[in-house]
Each structure stands twice: as C-alpha cells, then as structure tokens.
Trainee: 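Provided herewith is a single structure, encoded as structure tokens, for subsequent inquiry.
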Amino acid sequence: MILRWWAEPAAGEIVWCHFPDDIHPRPKPRPALVLVVFDDDAPQFTVRVAYGTSQRTARLHRGEFSILHERNPAAYAAAGLSYDTKFDLKQVLDLPYNTEWFSVPPAAPHGQSPKLGVLHPSLVRAVQAAFRAAAE
C-alpha cells in the first residue's frame with residue numbers, strides 16, 4: 001500500500017478518521033476533531049485528534065461535547081456531519097495525516113480531502129469546558 005500524505009489541515013477541522021484500536025486502524029472510519037497540527041516534518045504532518053461517535057449522543061460524560069442538529073443547526077451544518085455526534089477529549093491520539101489513518105468521506109464535501117467540515121464558533125465554550133474536564 002502506497003501512503004499518500006494529505007495537505008495540512010487546521011485545528012478545528014472535523015475529518016474522516018480511521019481512529020485506531022490499539023495499534024491498528026479500525027475498519028469503520030468516523031469523525032474526529034483536529035486539535036493540534038504538528039508541522040515539524042512538513043509536508044508529512046502529524047495531527048492530534050479527538051474521537052467522535054454518533055452513539056449515545058444524548059448522554060455526555062466528563063470530557064465530551066456534542067454537535068446536535070436539533071440544538072444547533074448552524075454548528076451541525078458547518079461540521080459536515082451526517083448524524084448527531086459527540087467528541088471525547090479524553091480519547092485523543094497523535095496520528096500521521098496520511099491515507100493509513102484518514103480517508104475521503106462519503107460525498108467528498110471538500111473534494112479529495114478527509115475534511116468533513118469545521119467546528120462552529122458557537123461551540124468553542126463547550127470544547128473548552130470538555131477540555132478542562134478531560135484534564136481533571
């Protein structure tokens with residue numbers, strides 16, 4: 001398998017990620033929130049991402065925040081999600097930003113890129129609260 005490196009993302013982007021289980025990518029890609037982009041090895045970027053899931057989005061635990069269509073349609077649209085999603089800032093990993101860990105999402109809303117959308121400014125406080133809670 002030939003690895004392809006994606007163009008540099010930005011913190012706050014929501015991307016299509018094969019979030020790993022132990023040391024292997026899970027076969028099911030899912031949304032992940034880019035928290036940090038490390039560009040020491042540019043153009044081979046490493047990103048810190050937070051795990052996203054569409055399961056049990058109505059119940060949040062410490063370190064989680066959600067993007068729900070009914071509650072915040074603007075944030076939901078900006079994120080490019082297909083389902084209500086919650087992100088867990090306690091499940092964070094640094095991954096190479098390449099085709100082993102990231103892929104083009106269905107419908108490719110941003111062309112041939114793993115990008116689904118972006119974090120809406122209205123969610124910054126929720127993310128900050130989740131980050132603080134995850135650090136406790």
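Numbering of residues begins at 1 and proceeds along the displayed sequence.
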Trainee: Would you indicate whether the side-chain heavy atoms of Trp101 and Val47 approach each other to under 4.5 Å?
Mentor: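 When only atoms from C-beta onward are counted, Trp101 and Val47 do not touch, as no gap falls below 4.5 Å.
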
Trainee: Does the Tyr83 side chain pair with the main chain of Leu68, one donor and one acceptor, at a distance under 3.5 Å?
Mentor: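 No, because the side chain of Tyr83 does not come within donor-acceptor range (under 3.5 Å) of the backbone of Leu68.
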
Trainee: Going through the distances and angles, do Arg56 and Lys86 end up as a side chain to side chain contact (heavy atoms under 4.5 Å, CB included)?
Mentor: CA-CA 8 Å; Arg56 297 178 289 283; Lys86 69 179 178 179; 4.2 Å; yes

Trainee: How close do Ala130 and Leu89 get, heavy atom to heavy atom, and via which atoms?
Mentor: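 Closest pair (atom of Ala130, atom of Leu89, distance): CB-CD1, 3.6 Å.
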
Trainee: Following the transitive rule for hydrophobic clusters with a side-chain heavy-atom cut-off under 4.5 Å over Ile, Leu, Val, Met, Phe, Trp and Tyr, establish whether Val92 and Leu123 coincide in one cluster.
Mentor: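 Shared cluster, yes.
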
Trainee: Without swapping roles, check the side chain of Tyr76 against the backbone of Ser82 for a donor-acceptor pair under 3.5 Å.
Mentor: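 Between the backbone of Ser82 and the side chain of Tyr76 there is a qualifying donor-acceptor contact (under 3.5 Å).
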
Trainee: Is the side chain of Asp84 donor-acceptor paired with the backbone N or O of His69 at a distance under 3.5 Å, no angle test?
Mentor: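 Checking the backbone N and O of His69 against the side chain of Asp84, a donor-acceptor pair under 3.5 Å is found.
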
Trainee: Would you find more than 12 non-hydrogen atoms of other residues, nucleotides or ligands less than 6.0 Å from Glu70 atom CD?
Mentor: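 No, because the 6.0 Å sphere around CD of Glu70 holds 12 heavy atoms or fewer from other groups.
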
Trainee: Can you check whether Arg4's main-chain N or O pairs, donor with acceptor, with Thr99's side chain at less than 3.5 Å?
Mentor: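 Judged by distance alone, yes, a pair lies under 3.5 Å.
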
Trainee: Side chains of Leu35 and Phe131: does their closest heavy-atom pair fall under 4.5 Å?
Mentor: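 No, too far: nothing below the 4.5 Å cut-off.
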
Trainee: Given side chains that start at C-beta, do those of Ile67 and Leu119 come closer than 4.5 Å, heavy atoms only?
Mentor: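 Heavy-atom side-chain distance check passes, below 4.5 Å.
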
Trainee: Would you call the rings of Phe87 and Phe65 parallel, tilted or perpendicular if under 30° counts as parallel and over 60° as perpendicular?
Mentor: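 Plane angle under 30°, so parallel.
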
Trainee: Do the non-hydrogen side-chain atoms of Lys115 and Pro9 ever get within less than 4.5 Å of each other?
Mentor: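 Sidechains of Pro9 and Lys115: no contact.
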
Trainee: Less than 4.5 Å apart, any side-chain heavy atom of Gln44 and any of Asn98?
Mentor: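 The answer is no, as the side chains (C-beta and beyond) never meet within the 4.5 Å cut-off.
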
Trainee: Determine whether Trp5 and Trp16 fall in the same hydrophobic cluster, where Ile, Leu, Val, Met, Phe, Trp and Tyr are linked whenever their side-chain heavy atoms lie under 4.5 Å apart.
Mentor: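 Cluster IDs for Trp5 and Trp16 differ.
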
